[in-house]
Enquirer: 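There's a structure below that I have some questions on.
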Protein chains: 2
Amino acid sequence: MPARTTKEALSRERVLDAALAVADLDGLGTLTMRRVAEELDCEAMSLYYYVRDKESLLAALTEAVVGEICESCLDPSLQEGAADWREVVKRRCLAAREVMLRHPWAPHLVASQPTAPSTAYALFEALVATMVDGGCSHSLAHRAIHSLGSMLLGFTQELFEPEAGDGDISMEEMEALALAMPHLAKIAEVAAHESKGALSMCDTQAEFEFTLGLILDGLEAHRCEPDSAH
Amino acid sequence: MPARTTKEALSRERVLDAALAVADLDGLGTLTMRRVAEELDCEAMSLYYYVRDKESLLAALTEAVVGEICESCLDPSLQEGAADWREVVKRRCLAAREVMLRHPWAPHLVASQPTAPSTAYALFEALVATMVDGGCSHSLAHRAIHSLGSMLLGFTQELFEPEAGDGDISMEEMEALALAMPHLAKIAEVAAHESKGALSMCDTQAEFEFTLGLILDGLEAHRCEPDSAH
DNA sequence: ACCTGAACACCGTTCAAGT
DNA sequence: ACCTGAACACCGTTCAAGT
């Protein structure tokens with residue numbers, strides 16, 4: 001009779017929501033299977049019906065936060081009245097940051113994952129599109145994604161590296177992906193061409209030095225016109 | 001008789017070295033008290049004679065890697081023949097990166113610590129000194145440290161925030177620190193003055209936007225002269 | 001002073017058994 | 001199909017006891 005006390009049926013979604021709630025409340029450190037179960041008023045073992053193991057739970061949680069970031073960043077209203085491609089990109093980074101501030105555990109979690117969740121690619125595609133429309137080359141936009149990585153997801157890491165097993169993505173999926181994200185496809189194409197024989201698609205050393213150069217040159221410019229700062 | 005099989009006495013240093021070895025060999029994930037003990041051919045409980053708990057072991061390990069980074073960055077030969085303050089800072093960041101590549105687990109570990117290890121301050125002091133000698137204001141050098149944070153330690157995070165308990169550092173220590181690191185002391189002084197009443201000493205939102213601006217403006221410059229890239 | 005055996009609380013996970 | 005009790009391996013940590 002009492003609807004309140006009737007146990008609501010579990011579901012993968014409820015499990016995920018509970019995990020997110022625990023992380024938001026007490027951080028990743030207290031996110032145990034038993035604690036999530038407690039939140040759902042069930043036993044820890046029940047979770048394994050909806051989730052392969054803890055690792056995959058965390059992977060799903062990662063996808064969820066990154067998805068939230070993407071949603072915020074892709075809000076069309078961010079484009080309104082922007083003077084510049086820079087302003088659009090800036091607003092998107094600030095939107096990403098807002099989400100990260102709501103989920104302080106997110107950078108840690110994303111960084112601990114072996115690969116960036118697929119949700120992130122939509123965000124990268126949108127950023128590259130904005131830059132290319134703004135007159136940037138694909139190659140510059142590519143470097144920009146690397147340089148902005150830590151502003152978007154809160155940490156620095158390889159983003160474009162292939163997953164452990166190449167075989168787990170089919171040719172059809174590949175083509176569908178290329179159609180959905182033409183700019184990323186073009187970037188991947190160029191990068192693959194330039195790096196034939198290299199260990200990884202992106203020259204991370206070069207990317208590092210490029211970003212470093214941007215920052216140092218920018219600081220030098222501020223040194224010469226110290227009116228803006230201070 | 002057989003010196004080989006005679007158990008060498010444990011020591012805090014040996015424990016730390018063993019922990020570092022485990023991390024380098026198999027990553028932080030396998031770094032358990034029992035595994036470290038195994039490496040030392042003793043029981044896990046023995047470690048507690050030299051280390052309060054695992055948390056403090058990890059803190060010591062953090063101090064060790066950050067110390068290694070500082071040593072590399074502070075190598076005087078990095079200053080030789082540098083055309084610019086930028087070149088010195090760049091070489092230091094690249095030196096830091098080399099250490100990080102040797103210890104891929106380092107960014108994770110440093111980021112997971114509640115506070116940056118004291119070892120890091122010597123590095124910041126040296127960088128600020130280089131910039132100020134190169135004609136930068138203290139306030140610009142301060143922002144530079146924030147902007148370069150992820151290039152130096154592999155992640156983004158609050159660096160200057162006070163530790164949980166303010167009381168655990170005495171007035172004498174404070175003054176000794178100020179004498180050893182005059183530039184950081186000056187920066188702290190200015191920041192404390194500017195932020196009276198604010199929650200934290202550094203306006204992280206402003207630092208974020210500043211770094212973002214450096215990157216975006218740098219990219220825009222590259223868009224206009226696309227000869228250098230591509 | 002330095003090390004360890006036994007023990008405890010907590011964790012992820014499996015599996016057979018319940019409904 | 002969906003959930004759970006019992007059980008196992010592994011973890012950090014304490015403490016009394018050994019040398």
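First the proteins, then the strands, lettered A, B, ... as listed; each starts at 1. The model shown is predicted, which means the values in this text are computed figures rather than measured ones.
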Enquirer: Output a table of nitrogen or oxygen pairs between the protein and nucleotides 16-19 of chain D separated by less than 3.5 Å.
Expert:
none

Enquirer: With a distance cut-off below 6.0 Å to the six-membered ring centre and an angular limit of 45° from the axis, does Arg143(A) pair with Phe210(A) as a cation-pi contact?
Expert: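 Checked: cation-pi criterion met.
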
Enquirer: Looking at Glu209(B) and Lys90(A), is there a salt bridge between them, counting it only when a charged N and a carboxylate O are closer than 4.0 Å?
Expert: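 Counted as a salt bridge, because a side-chain N and a carboxylate O are separated by less than 4.0 Å.
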
Enquirer: Could you provide the dot-bracket string of DNA chain D, using ( ) for intrastrand pairs, [ ] for crossing pairs and | for bases paired to another strand, with Watson-Crick or G-U pairs below 3.5 Å?
Expert: ||.|||||...|||||.||

Enquirer: Counting only non-hydrogen atoms, which of residues 12-23 of chain A are less than 4.0 Å from DNA chain C?
Expert: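 Correct list: empty, so none.
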
Enquirer: For nucleotides 4-10 of chain C, give me every protein contact, N/O to N/O, under 3.5 Å, one pair per line with atom names.
Expert:
{"residue": "dT4(C)", "atom": "OP1", "partner": "Lys7(B)", "partner atom": "NZ", "Å": "3.2"}
{"residue": "dT4(C)", "atom": "OP2", "partner": "Glu43(B)", "partner atom": "N", "Å": "3.2"}
{"residue": "dT4(C)", "atom": "OP2", "partner": "Ser46(B)", "partner atom": "OG", "Å": "2.5"}

Enquirer: Testing the 3.5 Å rule here: is there a donor-acceptor pair between the side chains of His142(B) and His138(B)?
Expert: no

Enquirer: Can you check the Leu57(B) CG to dC11(D) P distance for me, whole Å?
Expert: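 So the CG-P distance, Leu57(B) to dC11(D), works out to 15 Å.
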
Enquirer: Checking side-chain contact (heavy atoms from CB on, under 4.5 Å) between Val36(A) and each of Leu20(A), Leu16(A), Leu47(A), which is the one that passes?
Expert: Leu47(A)

Enquirer: Charged N to carboxylate O below 4.0 Å: is that the case for Glu43(B) and Arg34(B)?
Expert: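 Looking at Arg34(B) together with Glu43(B), the answer is no, because their closest N to O distance does not fall below 4.0 Å.
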
Enquirer: Which residue pairs pass the side-chain hydrogen bond (donor to acceptor under 3.5 Å, both in side chains) test with at least one member in residues 16-27 of chain B, sequence neighbours excluded?
Expert: Asp24(B)-His103(B), Asp24(B)-Trp105(B), Asp26(B)-Arg35(B)

Enquirer: List in chain and number order the residues that pass side chain to side chain donor-acceptor pair (under 3.5 Å) with Ser77(A), two or more places apart in sequence or in another chain; answer none if no residue qualifies.
Expert: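 Ser77(A) satisfies side chain to side chain donor-acceptor pair (under 3.5 Å) with Asp75(A) once adjacent residues are dropped.
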
